[in-house]
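Written below as structure tokens is the structure these notes are about.
No experiment lies behind these values; they were computed from the predicted model shown. Sequential numbering from 1 along the given sequence is applied to the chain's residues.
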Amino acid sequence: MSEKQHQAEHRSKPHTAQFRDFVAQGWAERDQTPPERIAAADATARRRAEVSAAFPGERLVIPAGGLKVRSNDTDYVFRPHTAFAYLTGLGGDREPDAVLVLEPLTGDDGEPAGHEAVLFFRPLAGRDTEEFFGDSRYGEFWVGARPTLADVEAELGLTARHVDELPDAVAKDAGSIDLRVVADADVDVRALVERARSAQGQTDERTEKQRELDAEFARQLSTMRMVKDEHEIGEMRRAVEATAHGFEAVVADLPEAVRRGRGERWVEGVFGLYARHEGNGVGYDSIAASGDHANTLHWIKNTGDVKEGDLLLLDAGVEVDSLYTADITRTLPVSGRFSPAQRKVYDAVFAAQEAGIAAVRPGNKFSDVHAAAIRVIAEHLYDWGLLPDGIDVEQTLDSETGQYHRRWMVHGTSHHLGLDVHDCALARAEDYKDAELLPGMILTVEPGLYFKADDLLVPQELRGIGVRIEDDVLVTEDGCDNLSGFMPRAADDVEAWIAGIWSGDRS
């Protein structure tokens with residue numbers, strides 16, 4: 001008996017035929033109006049065509065993933081796998097257990113002739129079914145109505161089939177064609193694919209080849225997301241705009257965060273409200289780090305107080321319904337004004353970010369952005385006398401014998417951004433860090449300086465100060481467009497921004 005079946009045993013519900021008949025009767029006719037074609041449909045068709053061209057004659061299996069238990073009989077909110085969302089355009093919480101299959105087609109000459117896109121999913125069940133009333137995980141009574149097969153075909157512009165037909169579709173001719181699957185998306189679908197492959201006769205050599213096929217497939221799906229199309233760029237602009245609204249709300253409520261105690265949670269909650277209202281939710285766990293917590297790079301506990309005189313490092317992003325997310329950081333003086341020591345650190349980080357953004361242009365390498373920003377960081381640390389005796393800027397920047405500056409700036413300056421906050425992560429190094437920047441790429445620029453409260457190598461006045469400034473930058477034909485650059489960044493502008501919001505001006 002499965003976990004869900006066991007849990008269902010403790011629920012009291014009628015099972016008589018008479019009751020089932022009663023439940024099935026007396027409902028108004030469903031609205032048969034087909035849904036509108038989604039805005040991303042043309043773009044996703046082009047993406048599928050690109051995948052098809054890369055893997056001619058092969059069956060390609062891209063699962064959305066399934067629901068995951070949070071506690072006992074409750075599930076986490078569902079989010080489809082990124083590759084599935086990229087190739088279907090389905091966002092939000094759609095569609096658990098769905099699987100996109102790109103089925104190879106053959107031309108009259110016997111050669112590969114593209115693929116048919118088929119979405120296997122669990123469609124709306126009839127009101128006369130046990131699922132309608134009795135299934136707490138999928139039933140309409142419990143979680144709402146799902147689309148029909150016709151709805152999905154109208155929305156996405158592809159073929160839809162019931163998920164029960166998936167095993168036969170995957171296993172068809174499995175011994176005569178290569179079969180690839182996004183292996184990390186759904187363990188059950190991966191097992192289904194592996195059973196189909198077993199028809200070919202398993203050997204260690206064949207198993208290793210199949211793993212390589214899947215890894216190559218995953219890399220391709222990751223790498224092709226590096227250059228965003230116009231639809232994606234539009235979604236990223238929407239995500240940035242929604243994120244800016246969340247930041248403004250946090251600034252407006254800073255005095256309340258101070259007053260309430262445990263203010264980091266208050267900040268997290270205020271931003272989360274805007275993320276959930278204007279989008280699908282947060283794109284990642286928000287970092288609302290006040291005071292020395294800002295020096296813990298992934299501080300997501302958010303259990304601390306927000307105090308007068310502290311800096312608040314807020315690293316947060318709204319994921320819009322299409323699942324594209326912003327990733328923005330602002331470091332805010334809780335009292336509205338930077339202290340001299342805070343401004344000293346802030347201005348150094350701002351100068352580093354300016355240098356990094358200036359390096360975002362076609363023809364430069366991705367790694368050039370970090371190199372430009374980290375040089376400015378190293379220069380400031382040298383000028384402040386923080387590098388070891390005898391170590392100058394060039395020596396600390398030496399990747400083999402230096403890197404002393406990394407005590408105070410440990411992370412990279414950039415990453416790709418899109419459907420995942422750290423997008424395109426499966427791409428090879430030569431296609432990522434060592435790659436040339438191309439128009440349509442979107443990346444973060446986010447230098448920082450982190451002086452922990454117990455760091456005895458820095459002056460007392462700097463201890464406990466952590467600063468990061470992060471923006472989302474689009475590579476253009478002749479340079480870059482800072483998508484979040486309308487949000488104040490320079491110290492004077494940040495102070496004026498806070499003052500304006502507190503005075504009631506949020507224009």
Which salt bridge (charged side-chain N to carboxylate O under 4.0 Å, His left out) pairs, counting each pair once, include a residue from residues 409-421, with sequence neighbours left out?
R225-D420
Do the ring centers of Y284 and H422 come within less than 6.0 Å of each other?
no
Under 3.5 Å, side chain of [X] to main-chain N/O of [Y], donor-acceptor pair present?
| X | Y | value |
| --- | --- | --- |
| D214 | V181 | yes |
| R330 | E470 | yes |
| R428 | Y432 | no |
| R468 | N295 | no |
| E319 | N280 | no |
| T44 | A41 | yes |
| E155 | I38 | no |
| D368 | K365 | yes |
| H370 | T413 | yes |
| D315 | I287 | no |

With no hydrogens and no angle check, do the side chains of [X] and [Y] hold a donor and an acceptor under 3.5 Å apart?
| X | Y | value |
| --- | --- | --- |
| Y324 | H231 | no |
| T444 | E446 | yes |
| H81 | D184 | yes |
| D472 | S484 | no |

Candidates D75, T74, D73, V143 - the one meeting side chain to side chain contact (heavy atoms under 4.5 Å, CB included) with R137
D75
Between Y86 and R47, is there a cation-pi geometry (under 6.0 Å to ring centre, at most 45° from the normal)?
yes
Does [X] reach the side chain of [Y], with side-chain heavy atoms less than 4.5 Å apart?
| X | Y | result |
| --- | --- | --- |
| Y274 | E248 | no |
| L60 | F217 | yes |
| Q353 | T329 | no |
| V101 | L166 | yes |
| T325 | D423 | no |
| D178 | K209 | yes |
| R197 | T207 | no |

Smallest separation among heavy atoms of V170 and R59, with atom names:
O-NH1, 3.0 Å
Assess whether side chain to side chain contact (heavy atoms under 4.5 Å, CB included) is satisfied between M236 and L474, documenting all intermediate values.
CA-CA 10 Å; M236 288 299 299; L474 168 68; over 6 Å; no
Quick one: CG on L213 to CD on E208, what's the gap to the nearest 0.5 Å?
10.0 Å
Show every donor-acceptor pair shorter than 3.5 Å between a side-chain atom in residues 115-124 and any protein atom, with sequence neighbours excluded, or say none if there are none.
| unit_1 | atom_1 | unit_2 | atom_2 | d |
| --- | --- | --- | --- | --- |
| H115 | ND1 | S52 | OG | 2.6 |
| H115 | NE2 | E58 | O | 2.6 |
| E116 | OE2 | T159 | OG1 | 2.9 |

